[in-house]
Amino acid sequence: MRFWLMKSEPEVFSWTDLVARGETGEEWDGVRNYQARNYMREMKLGDRAFFYHSQSDKAVVGICEVIAAAHPDSTTDDPRWDCVDVRARQAFETPVTLAMVKAEPGLAEMALLRQSRLSVQPVTTEEWRIVCTMGGVDP
DNA sequence: GCCAACGTTGGC
DNA sequence: GCCAACGTTGGC
């Protein structure tokens, strides 16, 4: 199983919105960046991803699970864009803010800091463990 | 609201 | 194939 981080502006689609979708989950559509798309194509069923609120919130707020491998993005006819489906799994006890990530030496190499504009990014096993611990959930 | 970083487009 | 112009994202 691999680990990822996916960003969303909470004003557009929030963690609460994903929780409301329940087991059905939601298509992670709208990504129009090749690197982010390629990462989604690498995702497999059962992979876990942090749900990150960008812009107003700037915090990892929960963990979601990939429930459908990459397929065409239903919001466009352009065949270049694929996306996966995810469902909410577990909310963090404590949101892990961007400031907290920056303050943690073990997370200095995270793509979240290195490539701030990338909306879908890989997370290492060690980074996953650290962030989960900070968030108050079992890795 | 501003700006840095970075991706895309289009002229040459 | 290069590069200037432009658009978008996201942190501050």
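Sequence lines set the chain letters: A, B, ... in the order given, protein chains first and strands last, and positions in each chain run from 1.
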Do any side-chain atoms of residues 96-110 of chain A form donor-acceptor pairs under 3.5 angstrom with protein atoms, and if so which ones, sequence neighbours left out?
residue: A/Thr97; atom: OG1; partner: A/Met100; partner atom: N; Å: 3.1
residue: A/Glu104; atom: OE2; partner: A/Gly106; partner atom: N; Å: 3.1
residue: A/Glu109; atom: OE1; partner: A/Arg114; partner atom: NH2; Å: 2.9
residue: A/Glu109; atom: OE2; partner: A/Arg114; partner atom: NH2; Å: 2.8

Would you tabulate the side-chain donor-acceptor contacts of residues 126-139 of chain A under 3.5 Å, counting partners in other chains and residues two or more places apart, or write 'none'?
residue: A/Glu126; atom: OE1; partner: A/Arg129; partner atom: NE; Å: 3.2
residue: A/Glu126; atom: OE2; partner: A/Arg129; partner atom: NH2; Å: 2.8
residue: A/Glu127; atom: OE1; partner: A/Thr124; partner atom: N; Å: 2.9
residue: A/Glu127; atom: OE1; partner: A/Thr124; partner atom: OG1; Å: 3.3
residue: A/Thr133; atom: OG1; partner: A/Arg129; partner atom: O; Å: 2.8

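Remark: A/Glu42 engages A/Arg2 in a salt bridge, criterion side-chain N to carboxylate O under 4.0 Å. Classification of A/Asp73 and A/Arg32 as a salt-bridged pair holds, one side-chain N sitting under 4.0 Å from a carboxylate O.
A heavy-atom distance below 4.5 Å is not found between the side chains of A/Leu118 and A/Val120. Taking the side chain as every heavy atom from C-beta outward, A/Trp4 and A/Met40 never approach each other to under 4.5 Å.
Taking all atoms of both residues into account, the shortest heavy-atom contact from A/Trp81 to A/Val31 is CE3-O, 3.7 Å.
Between the side chains of A/Gln121 and A/Gln35, no donor-acceptor pair of N or O atoms lies under 3.5 Å.
Applying a 4.0 Å cut-off to non-hydrogen atoms, none of the residues of residues 51-59 of chain A approaches DNA chain B. Proximity of residues 95-108 of chain A to DNA chain C (heavy atom under 4.0 angstrom from any strand atom) is restricted to A/Leu98, A/Lys102.
Sequence neighbours left out, not one pair with a member in residues 101-126 of chain A passes ring pair (Phe, Tyr, Trp, His ring centres under 6.0 Å).
Exactly one of A/Met43, A/Gln90, A/Met1 qualifies for a side-chain contact (heavy atoms from CB on, under 4.5 Å) with A/Arg48. That residue is A/Met1.
Along DNA chain B, read 5' to 3', the first and last nucleotides having any atom under 4.0 Å from a heavy atom of chain A are B/dA5 to B/dT8.
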